[in-house]
Amino acid sequence: MKLSLHFLLPLLLLLSALLCPSSAELCHPQDKKVLLEIKKAFNDPYVLSSWNPDTDCCDWYCVKCDRKTHRIISLVILTDNKISGPIPPQVGDLPFLQTLVFHKLSNITGPIQPAIAKLKSLEFLWLSWTNISGSVPDFLSQLKNLTFLDLSFNNLTGSIPSSLSLLPNLDAIHLDRNKLTGSIPASFGEFQGSIPDLYLSHNQLTGKIPASLGKLDFNTIDFSRNKLEGDASMLFGSNKTTFSVDLSRNMLEFDMSKVEIPKNLQYLDLNHNRITGSIPVGFTADSNLQFFNVSYNRLCGEIPVGGKLQSFDYSSYFHNKCLCGAPLPSCK
C-alpha cells in the first residue's frame, strides 16, 4: 500500500497541473488581453518580448501587478527608438493603472491619447522625450488622484489649460521644453490642497506673471527662457519657504530693492532680464544660498557684503548698469 501511494501522489499532482494549467496564473485575463493589444499596436517591439501570451503577465517586463488584486497598476516603457506611432487607445482599458510612463521613446507621435482620461486611479503620468504633439489636453483635470505630471521635452503647442489647477494632489507639473504659447493661467495661484512645483521653462509663454501666484508658497518655480514681461516680485516673500526660483532669460522688469528674501532660498537665477534697483541686504542673511545669478540686468549700487554673496564669481553679477563691489571692481 505504501509503495502504491509513493507512485500515486506524483501522478495526481501531474494530472492536477495538466487539468488546471491556469490555476497558477495571477494575471487578470482582461489586463493580459489589453497588454497584448498594446504590444501589437506598437508592432511587437523587442522591449516587450517578455509579453508572451503563454506566460503570466504579472511576470512581464515593463508592468507591475498589485500584490493583492493582481491587476496591472504600472506600465513603464523607457528608452526605445523601435517603438513608433501614436499612444494606443488601449492604455485607457487598464482601469487600475496608477503609473503610466513613456520616456525617451523618440518615435512616439500624435496627440496625448484621450483614452488616458479613463484612468481614474492614475497618480503618476510621465510622457517625456517623445515626439507627441498637439495641445496639453483639458481632460487631464479629470485625473483627481494625479500627484505627478511630466509632459516635458515634447512638441506640445497651444496654451496651458487653466483647469490643471483643479487637480488637488499635484506635487509637480513639468511642461518645460515644449512650444507652448499664451500666458501662465491666473488659476495657477488657486491650487487647492498641494501646491505643485512649476516647471514651465523653454517655451514661448508671453504676458505677465499673474499676481495671483503671489498668494501661494511655491517650493520650486522655473519660468526660464520664455518671453514673460513685467513684475515677478510677488513670487518672493520673507514668510515663504521657496527653495528655488529660475526666471532667467525673459523680459521681466521690477525693482529688486523691494524684494523680500524667502528664508530657505537656495537657488536664484534672474539673468538676462530688465531688473532694476539694487541687491537687497537681506541676501546677506541667507546662509542657504547655493546658486545666485543676476547678470545681464540693469542693477546698480554696491553688492552687499556678507552671507554667500562674495562666494559667487563675477559672472553672477556682470553686465549690469552700475553694479559694483566684490566680486566686481570696487565702487568709485
Side-chain angles (χ1 to χ4, degrees), residues 152-153 172 174-180 184 197-209 213-214 218-238 240-332:
S152 63
F153 289 87
H174 290 260
L175 300 178
D176 43 307
R177 306 270 182 168
N178 279 288
K179 299 173 183 176
L180 300 174
I184 298 171
D197 297 340
L198 295 180
Y199 296 89
L200 308 180
S201 73
H202 294 79
N203 280 291
Q204 300 165 25
L205 300 175
T206 55
K208 296 183 178 181
I209 297 173
L213 270 65
F218 292 95
N219 181 270
T220 299
I221 289 176
D222 186 355
F223 296 164
S224 63
R225 293 180 182 265
N226 281 288
K227 300 174 183 178
L228 300 171
E229 302 173 345
D231 189 16
S233 60
M234 82 292 287
L235 300 176
F236 303 91
S238 58
K240 295 188 176 184
T241 59
T242 307
F243 172 84
S244 175
V245 176
D246 189 347
L247 304 175
S248 61
R249 295 181 181 271
N250 280 285
M251 297 179 287
L252 297 167
E253 299 181 53
F254 60 94
D255 185 349
M256 192 171 181
S257 311
K258 299 177 181 179
V259 168
E260 296 182 349
I261 316 305
K263 298 174 183 178
N264 299 321
L265 191 65
Q266 295 190 28
Y267 186 103
L268 179 63
D269 195 348
L270 301 176
N271 81 77
H272 286 85
N273 279 289
R274 300 169 183 174
I275 300 168
T276 59
S278 58
I279 297 174
V281 176
F283 275 109
T284 62
D286 187 355
S287 60
N288 298 310
L289 204 58
Q290 302 296 319
F291 184 92
F292 184 80
N293 192 334
V294 293
S295 64
Y296 290 92
N297 278 290
R298 300 173 182 176
L299 297 171
C300 274
E302 185 172 7
I303 298 171
V305 176
K308 294 288 190 69
L309 292 181
Q310 277 65 48
S311 68
F312 307 109
D313 67 25
Y314 78 100
S315 65
S316 294
Y317 300 97
F318 68 175
H319 289 281
N320 272 285
K321 187 176 180 180
C322 47
L323 204 58
C324 58
L328 296 178
S330 59
C331 301
K332 297 178 180 179

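We find the OG1-CG distance between Thr242 and Asn219 to be 7.5 Å, quoted to the nearest 0.5 Å. The OG atom of Ser248 sits 8.0 Å away from atom CG of Leu270, with the distance rounded to the nearest 0.5 Å. Note that CD1 of Ile209 is 5.5 Å distant from CZ of Phe223, once rounded to the nearest 0.5 Å. Rounding to the nearest 0.5 Å places CG of Leu175 at 10.0 Å from OG of Ser201. Rounded to the nearest 0.5 Å, atoms CG (Leu247) and OG (Ser224) are 8.0 Å apart.
The shortest non-hydrogen separation linking Ile303 to Pro327 is CD1-CD, 4.0 Å. Looking at every heavy atom in both residues, Gly277 comes nearest to Ser257 through CA-OG, 3.4 Å. The heavy-atom pair separating Val259 from Ser233 by the smallest distance is CG2-CB, 4.2 Å. The two atoms that bring Lys227 and Met251 nearest to each other are O-CE, 3.5 Å, heavy atoms only. Nearest approach of Ser295 to Asn297, heavy atoms of both residues: O-ND2, 3.1 Å.
Taking Asn264 as the reference, nothing meets the side-chain hydrogen bond (donor to acceptor under 3.5 Å, both in side chains) condition, with sequence neighbours excluded. Qualifying ring pair (Phe, Tyr, Trp, His ring centres under 6.0 Å) partners for Tyr267, counting only residues two or more places apart in sequence or in other chains: Phe291. Residues satisfying the side-chain hydrogen bond (donor to acceptor under 3.5 Å, both in side chains) test with Arg177, not counting sequence neighbours, are His202. Partners of Tyr199 according to the ring pair (Phe, Tyr, Trp, His ring centres under 6.0 Å) rule, which considers only residues two or more places apart in sequence or in another chain, are His174. Under the side-chain hydrogen bond (donor to acceptor under 3.5 Å, both in side chains) criterion, Ser244 pairs with no residue, sequence neighbours left out. Legend: residues meeting side chain to side chain contact (heavy atoms under 4.5 Å, CB included) with Lys179, ordered by chain and number and at least two apart, are Asn155, Thr157, Gln204. Residues satisfying the side-chain hydrogen bond (donor to acceptor under 3.5 Å, both in side chains) criterion with Asn288, sequence neighbours excluded, are absent altogether.
When each of Ile184, Asn203, Thr206, Asn273 is checked for a side chain to side chain contact (heavy atoms under 4.5 Å, CB included) with Leu228, only Ile184 meets the rule. Between Leu200 and the options Leu180, Asp176, Leu205, a side chain to side chain contact (heavy atoms under 4.5 Å, CB included) holds for only Leu205.
Asn271 places no side-chain N or O within donor-acceptor distance of the main-chain N or O of Asn293, the cut-off being under 3.5 Å. Using modelled atom types, no side-chain atom of Lys240 and backbone atom of Leu265 make a donor-acceptor pair closer than 3.5 Å. With hydrogens and angles ignored, the 3.5 Å screen pairs a side-chain donor or acceptor of Asn250 with a backbone N or O of Asn226.
The salt bridge (Lys or Arg N to Asp or Glu O under 4.0 Å) contacts involving residues 267-293 comprise Glu253-Arg274, where partners must be two or more places apart or lie in separate chains. The disulfide (SG to SG under 2.5 Å) pairs that include a residue from residues 267-305 are Cys300-Cys322, where partners are two or more places apart or lie in different chains. Listed by first and then second residue, the side chain to side chain donor-acceptor pair (under 3.5 Å) pairs involving residues 315-325 are Tyr296-His319, Asp313-Ser315 (not counting sequence neighbours). The disulfide (SG to SG under 2.5 Å) pairs that include a residue from residues 243-285 number zero, where partners must be two or more places apart or lie in different chains.
In this structure the side chain of Phe283 never reaches within 4.5 angstrom of the side chain of Val294, judged on heavy atoms. Looking at Leu268 and Phe236, their side chains come closer than 4.5 Å, going by heavy atoms from C-beta outward.
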Acceptor/donor pairs from residues 304-312 side chains to any protein atom, 3.5 angstrom cut, sequence neighbours excluded:
unit_1: Lys308; atom_1: NZ; unit_2: Ser287; atom_2: O; d: 3.2
unit_1: Lys308; atom_1: NZ; unit_2: Leu289; atom_2: O; d: 3.4
unit_1: Gln310; atom_1: OE1; unit_2: Gly306; atom_2: N; d: 3.0
unit_1: Gln310; atom_1: NE2; unit_2: Pro304; atom_2: O; d: 3.1
unit_1: Gln310; atom_1: NE2; unit_2: Ala326; atom_2: O; d: 3.0
unit_1: Ser311; atom_1: OG; unit_2: Lys308; atom_2: O; d: 2.5

